[in-house]
Engineer: 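Let me begin by handing over the structure; questions about it come next.
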Amino acid sequence: MEQAYEAFLAEQRAAILDRVSDAASRASRSADEVELMAVSKTVGPDEVVAAWHAGYRSFGENRPQELTRKLTALAADPCMDEITFDMIGNLQKNKINQVLGNVRLIQSVSSPHLAEAISRRAQTRGITVPVLLEVNISGEESKSGFSPEEVLSMAEDLVSLDALSIEGIMTMAPARDGDAARRTFSGARELREELRRVTGLPLNTLSCGMSDDFEIAVEEGSTLIRLGRIVFDQEYAPV
Ligand SMILES: *Cc1c(COP(=O)(O)O)cnc(C)c1O
C-alpha cells in the first residue's frame, strides 16, 4: 500500500476519534465507551492491512464470500492476530457455516428464522455465537430487521436459543436526514432498555452510526460505530 494512503488512513482515524470524543462529551459520555469499527466491504485485504497499521483492530464485512477472501489473505500475516471481523450484512442460511467461528460477532440477525438457523448450526458445532439483533427502528421498507414490536414479543423465544449469546442490538438510520437519524438512534436506545427489562440480559452493545451520522449516534448512546467511506475513501465528503 502506498505511503500516502497509509498516512491518509491514520490522519482520518485521528480526526474521527476527535469527533467521537467531542460527541461523547456533549452527551456526558466517555469516548472509551464507543468502539470504532472499520467497514472494509468496499476495499481489499491490502487496505485492511494498512488500516490495521493505522490503528484499527475491528472490521466489518457484509458478504460471507468477501469475509472468507479477506481471512484467507490475512492468515499469512502473523502481526494481524489482534484483528477481528464482524458480519454486518444480510446473511443467507446457506452461508451461515461460512461465517460461524470466523467472526467475533454476527450483528445482522434480522429474523426469528435466521436466529434459529444460526443457533442450530452452532449447536452442532458445540459453540456459542455472540450476536446482535438487527432492528428496523425507522420502519423503512427497504431495511431488513425485526420490528421493535416483534423483537419484544419474541424476546423469550430468542433468549431460549441456547447457542446464541444476545449481546445487544444493531440498527441503521434513514440516509441524509439528521432528525430521522436521531429519532432512530434514540428509539434503538429505548428499545434496548425495554429489552433489558424483559430479558434480564445486559445487552451491552448498541451498534449504530455510519459515516454520515456517527456523531448523532454517539450523542444518542451508541457503543459501536460502523464506518466505511469516511475511513477508506479519499473522495468521501459528508452530506
Ligand atoms: C456499508 C455499511 C456501513 C458503513 O457505511 P458508510 O456510510 O460507508 O460508513 C455500516 N453498516 C452497514 C450494515 C453497512 O452495510
Side-chain angles (χ1 to χ4, degrees), residues 5 8-9 11-20 23 34-44 47-48 50-51 54-70 84-92 95 99 103-111 114 118 130-146 151 167-178 180-182 184-185 187-188 205-239:
Y5 188 63
F8 161 78
L9 290 175
E11 274 167 35
Q12 199 68 350
R13 182 167 179 273
I16 292 166
L17 288 174
D18 276 347
R19 289 171 61 183
V20 167
V34 185
E35 178 184 334
L36 170 54
M37 162 172 289
V39 175
S40 47
K41 66 189 182 189
T42 61
V43 299
E47 282 84 356
V48 171
Y56 293 97
R57 290 296 177 271
S58 57
F59 292 83
E61 286 287 334
N62 67 342
R63 289 171 43 230
Q65 214 165 325
E66 181 59 23
L67 172 73
T68 305
R69 179 174 92 97
K70 292 224 174 68
T84 63
F85 283 89
D86 286 7
M87 181 69 199
I88 62 169
N90 177 40
L91 181 57
Q92 288 170 341
K95 299 283 169 62
V99 169
V103 292
R104 175 188 67 162
L105 185 61
I106 301 178
Q107 297 198 12
S108 42
V109 176
S110 53
S111 72
L114 182 59
I118 295 171
V131 301
L132 303 182
L133 302 175
E134 181 176 354
V135 184
N136 182 358
I137 300 280
S138 62
E140 287 174 290
E141 294 219 355
S142 60
K143 288 199 171 19
S144 48
F146 290 87
V151 94
E167 315 268 314
I169 65 179
M170 186 268 252
T171 197
M172 267 185 272
R176 292 177 293 280
D177 182 343
R182 192 174 295 281
T184 301
F185 300 147
T205 304
L206 182 57
S207 172
C208 59
M210 314 199 324
S211 292
D212 290 335
D213 55 26
F214 69 92
E215 287 155 299
I216 301 172
V218 170
E219 288 171 11
E220 296 298 329
S222 174
T223 69
L224 197 172
I225 54 176
R226 310 177 310 268
L227 307 185
R229 290 167 300 153
I230 197 171
V231 169
F232 290 106
D233 184 357
Q234 288 174 282
E235 312 279 289
Y236 169 76
V239 287

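Ligands are counted one by one from 1 in listed order, and the atoms in each one are counted from 1 as well.
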Engineer: For R229, take its heavy atoms, then give the atoms of ligand 1 lying under 4.0 Å from any of them.
Structural biologist: 6 (P), 7 (O), 8 (O), 9 (O)
Engineer: N62 to ligand 1: N or O pair under 3.5 Å?
Structural biologist: no
Engineer: Is any side-chain heavy atom of R19 less than 4.5 Å from a side-chain heavy atom of I230?
Structural biologist: yes
Engineer: What protein heavy atom lies closest to atom 15 (O) of ligand 1? Include the residue and the distance to one decimal.
Structural biologist: K41 NZ, 2.8 Å
Engineer: Among all protein heavy atoms, pick out the one at the shortest distance from atom 5 (O) of ligand 1; state its residue, atom name and that distance to 0.1 Å.
Structural biologist: M210 CE, 3.8 Å
Engineer: Which ligand 1 atoms does G228 reach within 4.0 Å, using its non-hydrogen atoms?
Structural biologist: 4 (C), 6 (P), 8 (O), 9 (O)
Engineer: Check this for me: does any side-chain nitrogen of one of R226 and E134 sit under 4.0 Å from a carboxylate oxygen of the other?
Structural biologist: no
Engineer: Please confirm whether D212 approaches ligand 1 to less than 4.0 Å, judged on its heavy atoms.
Structural biologist: no
Engineer: Are the side chain of S207 and the backbone N or O of M170 linked by a donor-acceptor pair below 3.5 Å?
Structural biologist: no
Engineer: Under 4.5 Å between any side-chain heavy atoms of V99 and F85, yes or no?
Structural biologist: no
Engineer: Check the pair I118 / L91 against side chain to side chain contact (heavy atoms under 4.5 Å, CB included), numbers first and verdict last.
Structural biologist: CA-CA 10 Å; I118 295 171; L91 181 57; 4.2 Å; yes
Engineer: Can you tell me which residue among D86, T205, T171 is in a side-chain hydrogen bond (donor to acceptor under 3.5 Å, both in side chains) with Q107?
Structural biologist: D86
Engineer: Any non-hydrogen atom of I88 lying under 4.0 Å from ligand 1?
Structural biologist: yes
Engineer: Which residue owns the protein heavy atom closest to atom 6 (P) of ligand 1, what's the atom, and how far is it?
Structural biologist: S211 OG, 3.5 Å
Engineer: Using a strict threshold of under 4.0 Å (side-chain N to carboxylate O), is an ion pair present between R182 and E219?
Structural biologist: yes
Engineer: Check this for me - ligand 1, L227, N or O atoms closer than 3.5 angstrom, yes or no?
Structural biologist: no
Engineer: Which heavy atom of the protein is the closest neighbour of atom 11 (N) of ligand 1, given with residue, atom name and distance?
Structural biologist: R226 NE, 2.9 Å
Engineer: Give the minimum heavy-atom separation between S144 and N136, together with the two atoms involved.
Structural biologist: O-CB, 3.7 Å
Engineer: Under 4.0 Å, heavy atoms only, figure out whether ligand 1 is touched by the backbone of M172, its side chain, both or neither.
Structural biologist: side chain
